[in-house]
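Take a look at the structure set out below.
Just so we're on the same page: letters track the sequence lines, and every chain starts at 1.
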Number of protein chains: 2
Amino acid sequence: MRRFRRDGYHPVRIEDVAEDAAVSVGTVYNYYSTKGDLLMATVTLEVEEVLAAGEAILADPPAGAEAALRRLIWQYYDHSLEYLTKEMWRAAMAISIEAPHTPNGRRYAELDARLADQVARLVARLQARGEVRPDLDPRPLGEILFHMLNALFVAFVRDDAMTIEALKAAADDGLCAMAALMTPAGG
Amino acid sequence: MRRFRRDGYHPVRIEDVAEDAAVSVGTVYNYYSTKGDLLMATVTLEVEEVLAAGEAILADPPAGAEAALRRLIWQYYDHSLEYLTKEMWRAAMAISIEAPHTPNGRRYAELDARLADQVARLVARLQARGEVRPDLDPRPLGEILFHMLNALFVAFVRDDAMTIEALKAAADDGLCAMAALMTPAGG
DNA sequence: CATGAAAGCTGAATAGGCTCAGATTTGAAG
DNA sequence: CTTCAAATCTGAGCCTATTCAGCTTTCATG
């Protein structure tokens, strides 16, 4: 992870990792079955922490649908570069798309699904509090929200120049548009 | 393209392509700067045709927001496996995420943006016809729609077992949810 | 200690994308 | 038909992820 962060995912060779760990190349492969596996270990760490922080917000969300969603999403975004760089995210995303049947691809998809589920649960909770129109189904709504926020995150990760602030601003626009559709009276 | 479709993107070596074309490996690289470039040529062909077909629908969309959107999206999905297989799509998506600064990554992003724009323009057109709430901004709405439909397409491409019918059904659910939010009276 | 199987380690070898120095072909000019 | 420069082609060689046959260490048992 240190090596990837410092030199980038692609420039780092397995031989470099092996050297840092003072073992042979073969030994690295005894513990991680591919180079992508090394990366996915970090992705898992990152997302598990984000999910845990998200649960804390779910337990007691701020008042108002838009504010509550904003809180959760900003949390996601703020934490996203804790362990991974944008380049590492790109590599991880590429692996998960290219090899969906492999353990790594599946793990990434599973983490994604858990994030989407967390958003959907927040929507359901807001609906129970009367802050989302009662006639809407929180599941597809949560998924639409997550798709949008995820697409923005992908755009953020693709563009090295884009700041987290710009990402948050874009997400705010989207959340505002969705909130206008979701909230009951003031719609 | 023929080779990729028959044997899969990864199993085909540049040497194979060179043989089929009766030239050397080096000559292939004179015309396509990477293996991904060969693939992206096909992606471009596919998406350009989809965009052209989409313009025809934009010119005279069916009555009703949901029906019009369904028509455009189904067109997209129906055409998506004309030249590319799911595996080829996965490889192309991986390339576009992993290397956003390269010509290929940029080209893919541009095609994506043009599709999103087409959806947004359809929303604007429907709004002009009074089939979408007049207080909504068609641009972010179109983008949210496209993000959703694109996410469904990615899920489709990831799962070899998923049929186009299942994809359409999932899209219908999403469109139905969005239409309920977007349409004026019947909400 | 001795033993032997299980666990762990090793790095040379393999495979395939990509490069580049040199060979070949083309085509305009004489 | 020559000549020569530009365009094109070539494939051996480089690089790095990944494999695997064999070597070493560990450790429970006698």
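A donor-acceptor pair shorter than 3.5 Å can be found between the side chains of A:Y76 and A:Q118. Side-chain contact annotation: A:T183 with A:R133, donor-acceptor N/O pair under 3.5 Å absent. Between the side chains of A:E98 and B:Y9, no donor-acceptor pair is found at a separation under 3.5 Å. Using modelled atom types, one finds no donor on one side chain facing an acceptor on the other under 3.5 Å when comparing A:H10 with A:E87.
Contact annotation: B:T27 side-chain N/O to D:dT8 OP1/OP2 distance is not under 4.0 Å.
Separating the CD atom of A:E19 from the C1' atom of C:dT10 is a distance of 15 Å, rounded to the nearest angstrom. Whole-Å rounding puts the B:D37 CG to C:dG17 P distance at 14 Å. Atom C1' of nucleotide C:dG17 and atom CD of A:E98 are separated by 14 Å, given to the nearest angstrom.
For the pair A:M1 and A:E46, the minimum side-chain heavy-atom distance is 4.5 Å or more.
A donor-acceptor contact shorter than 3.5 Å links the side chain of B:D16 to the backbone of B:R13.
Within the nucleic acid shown, A:Y32 has no heavy atom closer than 4.0 Å to any nucleic acid atom.
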Between the protein and nucleotides 16-24 of chain D, list the N/O to N/O atom pairs that are separated by less than 3.5 angstrom.
unit_1	atom_1	unit_2	atom_2	d
D:dA17	OP1	A:V12	O	3.4
D:dA17	OP1	A:K35	NZ	3.0
D:dA17	OP2	A:I14	N	3.0
D:dT18	OP2	A:Y29	OH	2.9
D:dT18	OP2	A:K35	N	2.7
D:dT18	O5'	A:Y29	OH	3.4

